[in-house]
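For reference, the structure is listed below as structure tokens.
Just so we're clear, the structure is a prediction, and the values are computed from it rather than from any experiment. Quick note on labels: first sequence line is chain A, next is B, and so on, each numbered from 1. When reading the values below, keep in mind they use all heavy atoms of this one structure, side chains included, and skip hydrogens, waters and symmetry mates.
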2 protein chains.
Amino acid sequence: MNEAQGLGESLTEQVAAQLREQVTGGLLTPGQRLSEVRLAADLAISRNTLREVFRLLTREGLLRHEPNRGVFVAVPSMASILDIYRVRRMIELPALAQAWPRHPAVAQMQAAVRLAEDAGQDWRVIGSANMEFHAAIVALTDSPRLMGFFAQVAAELRLAFGLLDSPELLHAPYVGRNAEILSLLQAGRPAEAAAALETYLGESERTVLAAFARLG
Amino acid sequence: MNEAQGLGESLTEQVAAQLREQVTGGLLTPGQRLSEVRLAADLAISRNTLREVFRLLTREGLLRHEPNRGVFVAVPSMASILDIYRVRRMIELPALAQAWPRHPAVAQMQAAVRLAEDAGQDWRVIGSANMEFHAAIVALTDSPRLMGFFAQVAAELRLAFGLLDSPELLHAPYVGRNAEILSLLQAGRPAEAAAALETYLGESERTVLAAFARLG
DNA sequence: ATGCATTAAATTGTTGAACAATACCGCAAG
DNA sequence: CTTGCGGTATTGTTCAACAATTTAATGCAT
């Protein structure tokens, strides 16, 4: 079990990234139970290593661990979505309002906008680019802790998105807004950019909650 | 290895709590290397279980993991302290400013204040009570994500405190301020309470940074 | 002595098997 | 229909082994 080792990264972290992708990408259904023996066999790793991965992703909030019962894909609730958007406001708004318009992360924001604009109808790429845009906003703070925390929360949100029916409606309307926020920031008007982001988040939250309520 | 099982909690989490306490309590020196075989023997657990614990605490920021070299107790830097206080401001100030004066967490705040007042000269208890006070402030938000994030950051800060020489100076001056903040909140003046907390955090940060600079 | 390549020892990374402890499931009895 | 009981599957934890890598030691040439 040592063929395609990804240079420096331990197997545990590789598999963690892989599983993270599968969970947030919707390949694994929320609530689904993950059998240790079966999943270990599927991933071609040992059960012990898989348990290390489980501990990682459980702390990230993507998996839920019930003692002596197993681990399950976390199932997003209305409360968790409300909480996530609250955290996003608390982090993203000050980050943007206090931003230095020539911060390196602005380039990341621009790259994410371009990526979304050139993505055509591929909502998967659009969604990913959208999240990169907001991660770049948080990167404006130069705070490793905020960036890590946001990445975690963003992963949880992606998990919730995967539960909804029409994902294109959740991302597509916002690529234009991202571009607007970016140009406001580049024009040296961070306060207005933050204001635009606030309405953005409000609408996004409403959309997500509505789509969520439509499921029961 | 199944004598004093702590009712429901898995052994991994028990040991994680134990190690967390040892790290934040200063029993383990920052930078110190933690040998898997030796520590596993000391804790009377298997190496595999210990590795699960390592993964937990590494993600919490208390340990650092260098591939193929081992795990070390994280060593706080000036940058990390600055970052931590920035996060604290961002979380605690809005939490207090928007607080409902009759929120259940107010009781926790009060309990922490009393505990500190009755602690005499035991700076260990005072420091612990102080942290509980601020955790209670975050609990005012009813946000599980913010609470978890704060707990993590607070643990990192305790780790940094352990590095400093006169810990009583870091906590003792602030028990009075905590009481003041609490009474302002109970009096229905959360804005003023938040303002008091802001000066509190500013002074505390300056004190910590000064003590830290005194080490090199 | 100093610098450097090579070998040996120690440690981490990962696996597989084993067993205990717990939860799950079907079935019989009341 | 519920309760109690056993059998089975799964998780929790340990142990022993080996591969891979780092660290230390050794010896040699300068």
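Rounded to an integer number of Å, the gap from A/Glu52 CD to C/dG13 C1' is 9 Å. Between the CZ atom of B/Phe72 and the P atom of D/dT22 there is a distance of 12 Å, rounded to whole Å. Atom CG of B/Leu39 is separated from atom P of D/dT14 by 13 Å (rounded to the nearest Å). Nucleotide C/dT15 holds its P atom 11 Å from the CG atom of A/Leu43, rounded to whole Å. Atoms CZ (A/Arg51) and C1' (D/dT14) sit 11 Å apart, rounded to a whole Å. What separates CG of B/Leu11 from P of C/dC19 is a distance of 20 Å, to the nearest Å. Look at CG on A/Leu50: it is 17 Å from P on C/dG13, rounded to the nearest Å. Remark: C1' of C/dT14 and CD of A/Gln14 are 12 Å apart, rounded to the nearest angstrom.
The side chain to side chain donor-acceptor pair (under 3.5 Å) check on B/Glu203 picks up B/Arg177, with sequence neighbours excluded.
Side-chain polar atoms of B/Thr12 and A/Arg55 form a donor-acceptor pair below 3.5 angstrom.
Remark: A/Thr12 is not in phosphate contact with C/dG13, judged by side-chain N or O atoms under 4.0 Å from OP1 or OP2.
A salt bridge links A/Glu21 to A/Arg158: one of the charged nitrogens lies within less than 4.0 Å of a carboxylate oxygen.
You'll find that the side chain of A/Ser10 is closest to C/dT14, out of D/dT14, D/dG12, C/dT14. Taking the side chain of A/Asn48 as heavy atoms from C-beta on, and the options D/dT11, C/dT12, C/dT15, the nearest nucleotide is C/dT15.
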What do the steps show when you test A/Glu156 against B/Arg145 for salt bridge (Lys or Arg N to Asp or Glu O under 4.0 Å), and what is the final call? CA-CA 11 Å; A/Glu156 283 189 83; B/Arg145 281 160 192 80; 2.8 Å; yes

Check: protein-nucleotides 5-10 of chain D nitrogen or oxygen pairs below 3.5 Å:
| from | atom 1 | to | atom 2 | distance (Å) |
| --- | --- | --- | --- | --- |
| D/dT10 | O3' | A/Arg33 | NH2 | 2.4 |

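Contact detail for B/Thr141 and B/Val138: the closest heavy-atom pair is OG1-O, 2.7 Å.
Partner of B/Pro76 under the side-chain contact (heavy atoms from CB on, under 4.5 Å) criterion, out of B/Leu163, B/Leu157, B/Leu164: B/Leu163 alone.
The six-membered or imidazole ring of B/Tyr174 lies away from that of B/His134, with a centre-to-centre distance of 6.0 Å or more.
Comparing B/Arg47 and A/His65 along DNA chain D, the residue whose closest nucleotide (by nearest heavy atom) sits nearer the 5' end is A/His65.
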